[in-house]
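Note that the structure is predicted; figures quoted are calculated from it, not measured.
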Amino acid sequence: MHREQSFIVRILTTTIWGGVLSMMPATGEPPSRKEGGDAEALVYSGLADLTVLRDKVTYQYALLITGERQRVFIEKPGSPPLQIDRMYRLHAGSRKRDFVYQALGRVIGPEQSSRSFDFQYWAELLKCSGTYKTRVGPAALRGYEVKPEDMSAKKFIEKSGAGAAVFDPFDDLVLHVMFWMNPERQSGWIEKVFLNASELKSAEEITQGDIRSKWRWKHHSLDFEIEMIQSKAFDYMPTHVKYTSKIPNMPGLFSETTIQWKKHQTHGLLPHVVKGIAGQPFGPVQEHHHVVFDWRLGKELKNDFFDCNAEDFRLQFSPLFDFYFDTHEKPGGLVTGTPWELPEELSDQAESSQAESRKP
């Protein structure tokens, strides 16, 4: 990442505490919504519901994200026009056990290495009861590294290179896409950006009862216009978020995200297919992200799933998702896992069924 771009990303970590709780009655429930109610009220109520959903789902969950990051080099002589990174993300959390696990896995092909076959390369971050562990590399050649007592968690994560695993499956939905690969934690940024630091310029009802709102977000050297669509069909959850840069020397720093929602058997609507595109602050480069979320929640997870002492926590996901990871066994060496396959939801055929996806 360019040094100046890195500064822009990190500057957002300045605390802007506050939140949606001030919008809620003492019961902790989001404000009620009346049919045909004020558009501005629906905007804030939908954002409140998103934070409530986030906190409910992440109380105890596991998540497998599968997809691609495509880097498009526009009019850049000597560079390939397109670079595709095939990616997985693993998430697991239990607030009751003070347990958080995040991992980013890349599928490395023969064109990117000296090997003649695909293999997985992982960055893993595990926190359990105050203990931090990380591991970065292919398969499981070595065990997890434990944070020394005399080192801060932030420094330990930076030193290990495991920050690439950090991603928030709710807050990142409404942020600029450049933050999806940012090593800083984004949890709570729905409140920080929309309820504390942004000015709501307008809100109006558009087609099919959806609400379009426009915002201006200024913070230090950042300056964006934000447009958000919240869908009536999906209980006013955001389905489209667009950032337009107003930074004088960075007009290409745009972002656009679309979110498709799917009904879970016990937890209502959840993010399912997410697509994002972002421009870069310097140079003619765009990043396209296309991912599918697969959730396991609450009682779908057995008590022994959150094992702080697992030698390879990735393997806890295999029976849940019927997915197998590259491992390293003795003797024999590398044993490759489930071959890469683009999710059906990201195929060209899925685009033609976009209209059907509006039905919860």
Inset, instruction - Determine whether L63 and V57 make a side-chain contact, defined as any pair of heavy atoms from C-beta on separated by less than 4.5 Å. - result: no
Legend entry - Inter-residue atom distance E40.CD - L200.CG, 0.5 Å rounding: 5.0 Å
Legend entry - Residues E345, K262: salt bridge by 4.0 Å N-O rule: no
Inset, instruction - Would you name the heavy atoms of S160 and T134 that are closest together and state the gap between them? - result: CB-OG1, 3.3 Å
Legend entry - Ion pair R314/D312, N-O distance below 4.0 Å: yes
Inset, instruction - Please examine the side chains of W122 and L90, heavy atoms only from C-beta on, and report whether any two atoms are closer than 4.5 Å. - result: yes
Inset, instruction - Mind running ring pair (Phe, Tyr, Trp, His ring centres under 6.0 Å) on W180 and H289 for me, showing each step along the way? - result: CA-CA 9 Å; W180 294 10; H289 297 253; 5.2 Å; yes
Legend entry - Ion pair check, K246 and D223, cut-off under 4.0 Å: no
Inset, instruction - Could you point out which residue of T257, T239, L47 forms a side-chain contact (heavy atoms from CB on, under 4.5 Å) with M228? - result: L47
Inset, instruction - Measure the spacing between CZ of F99 and CG of D307 and express it to the nearest 0.5 Å. - result: 7.5 Å
Inset, instruction - Examine R135 relative to Y144 and say whether NZ or CZ is less than 6.0 Å from the centre of the six-membered ring and inside a 45° cone about the ring axis. - result: yes
Legend entry - Salt-bridge present (E256, K242; N to O < 4.0 Å): no
